[in-house]
2 protein chains.
Amino acid sequence: MEKNLKRRETMHRLCAKGLEIFHEKGYYNTSLDDILKELELSKGAFYHHFKSKEDYFITIIQNLIVQKVYALLVEPLNTQENPLPIILDSLENALEPGKRNEMAYGFMLNDFLTEFNKRNLEISTYLKDIIKVWEVNLVSVLKRGKIDGHIARHIDCEGVATYIIASYLGMRSLLMDNTNRQLKYQYVQQLKHYFNSITERSVIA
Amino acid sequence: MEKNLKRRETMHRLCAKGLEIFHEKGYYNTSLDDILKELELSKGAFYHHFKSKEDYFITIIQNLIVQKVYALLVEPLNTQENPLPIILDSLENALEPGKRNEMAYGFMLNDFLTEFNKRNLEISTYLKDIIKVWEVNLVSVLKRGKIDGHIARHIDCEGVATYIIASYLGMRSLLMDNTNRQLKYQYVQQLKHYFNSITERSVIA
DNA sequence: TGTTAAACCGACTCAATGGTCGGTAACAAT
DNA sequence: ATTGTTACCGACCATTGAGTCGGTTTAACA
């Protein structure tokens, strides 16, 4: 059964390196040879494991990107506390540059979303579904926050979720190259102001 | 001097159609032939007017994109009123789908910014400069708003500008394909909440 | 009208890239 | 050991797309 291990190992190396380079240079701007060269693998090896470049990227999405988004943005929402600080923390953490060897800035939804939009419907759909899951989870946690009296009653939770997602995606655009720590700080600051504005005012004025 | 007219006319047709298709399918994913076919022009015509595809796109940025951003996002800021409603209006307007033949959703800074990031430094720089000008103008109008007593004194204007830009760029990602009018409405709603939170509370109270 | 120079044509080159395929090496099962 | 299967190799193919270039048309002007 060592063959099976080898298979998984090679596929995993391909996916990990692929994500890294696709994120760095963009999907359409990266050739398979670019990736293969770095891994010292051949065309044959690649097509033995994946049926096309597209299939390959879908595997990457499902195995790596989804997990990353869940770990950074969805799972942290699973608590019973006031959701706003939790959300704030998760966003701040997701914008953190990766440690050492890790990929910079956690991940790259906005980049891929933009790149595939109108160019590859199938991949776009996969990516949008990820956002959708995040959104649904945000909305649900916000609604609970409303019930628990942390969020003002007149607030539109779907709107808040949309707004949070938009600002986050946009920040990722601005942080792009930029090692500007300032930007992230500014973002978190303003998000706090915003969250303040949708917080339930203590009934005992 | 009719030759000169012809020249300008052809170059303009090329730029306009180029922007349209680049925006639709992405720069790297659009071949010159795609554009030339639609205009019924030849390779020869193209290279008679532009020295490369890159040069061509830079011309498009300078002639069309810059103007669009100015018209939609910078010039409206030139008033003496309370800046927050003005900014709100300009953003709402900029997210408006174009009338009939016009390009959908005004323009496409975020898309190009993402596409060229780390792939073409020169073009990236041009695009970032556009954002920079917008930012500078936002900051200056916000600072005036503070002086005029519309914005709370403790607010960090640079932070506000960054946050506004981020949320706007992100919205453009979400609105992408989507004809979802709801999204835009939600965005404007939440932006109002946010603006409320940075508004100077009436001193009398 | 003849000359010149711009505008434009389109076949061609050349490199890049996704994908194919026949073959080889290593391991597993009998 | 033999046989079959899986992982992998790398030359090759087909297509695409940026850029070239010699030639043709058209407008300006002497």
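Proteins come first, then strands; the chains are lettered A, B, ... in the order of their sequence lines, and each starts at number 1.
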Does A/Glu158 come within less than 4.0 Å of A/Lys143, counting only side-chain N to carboxylate O?
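Salt bridge between A/Glu158 and A/Lys143, a charged N being under 4.0 Å from a carboxylate O: yes.
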Does the distance from a Lys or Arg side-chain N to an Asp or Glu carboxylate O, for A/Glu200 and A/Lys146, drop under 4.0 Å?
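Answer for the salt bridge query: no.
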According to a strict under-4.0 Å criterion, is B/His48 in side-chain N/O contact with OP1 or OP2 of C/dC9?
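Answer is no, no contact under 4.0 Å.
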At under 4.0 Å, does any side-chain N or O of A/His49 touch on OP1 or OP2 of D/dC8?
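Yes, such a contact exists.
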List, one per line, each side-chain donor-acceptor pair under 3.5 Å for residues 7-17 of chain A, sequence neighbours excluded.
| unit_1 | atom_1 | unit_2 | atom_2 | d |
| --- | --- | --- | --- | --- |
| A/Thr10 | OG1 | A/Lys6 | O | 3.0 |
| A/Lys17 | NZ | A/Glu38 | OE1 | 3.2 |

Do the side-chain N and O atoms of A/Glu54 and A/Asn120 include a donor-acceptor pair separated by under 3.5 angstrom?
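A/Asn120 and A/Glu54 do have a side-chain donor-acceptor pair below 3.5 Å.
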Answer with yes or no whether the side chains of B/Asn196 and A/Ser197 bring together a donor and an acceptor at under 3.5 Å.
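Not at all, the side chains of A/Ser197 and B/Asn196 share no donor-acceptor pair under 3.5 Å.
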Given atom [atom1] of [X] and atom [atom2] of [N], what is their separation to the nearest angstrom?
{"X": "A/Arg7", "N": "D/dT5", "atom1": "CZ", "atom2": "P", "result": "16 Å"}
{"X": "B/Phe46", "N": "C/dA7", "atom1": "CZ", "atom2": "P", "result": "15 Å"}
{"X": "A/Leu32", "N": "D/dC8", "atom1": "CG", "atom2": "P", "result": "16 Å"}
{"X": "A/Arg8", "N": "D/dA7", "atom1": "CZ", "atom2": "C1'", "result": "16 Å"}
{"X": "A/Tyr28", "N": "C/dG18", "atom1": "OH", "atom2": "C1'", "result": "13 Å"}
{"X": "A/Leu36", "N": "C/dA16", "atom1": "CG", "atom2": "C1'", "result": "15 Å"}

Cation-pi check for A/Phe22 against A/Lys53: NZ or CZ below 6.0 Å from the six-membered ring centre and within 45 degrees of the axis, yes or no?
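The answer is no, since A/Lys53 fails at least one limit relative to A/Phe22.
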Under 6.0 Å between ring centres: does that hold for A/Tyr126 and A/Phe116?
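Not close enough - the centres of the two rings lie 6.0 Å or further apart.
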Distances for protein N or O near nucleotides 9-11 of chain D N or O, under 3.5 Å:
| unit_1 | atom_1 | unit_2 | atom_2 | d |
| --- | --- | --- | --- | --- |
| D/dC9 | OP2 | A/Ser42 | N | 3.0 |
| D/dC9 | OP2 | A/Ser42 | OG | 3.1 |
| D/dG10 | O6 | A/Gly44 | N | 2.9 |

Return the residues of residues 50-65 of chain A meeting this criterion: a heavy atom under 4.0 Å from some atom of DNA chain D. Order them by number, or give none.
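Hits under 4.0 Å, by residue number: none.
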Looking at the side chain of A/Tyr47, which of C/dG19, C/dT17, D/dA7 is the nearest nucleotide?
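Minimum distance to the A/Tyr47 side chain belongs to C/dG19.
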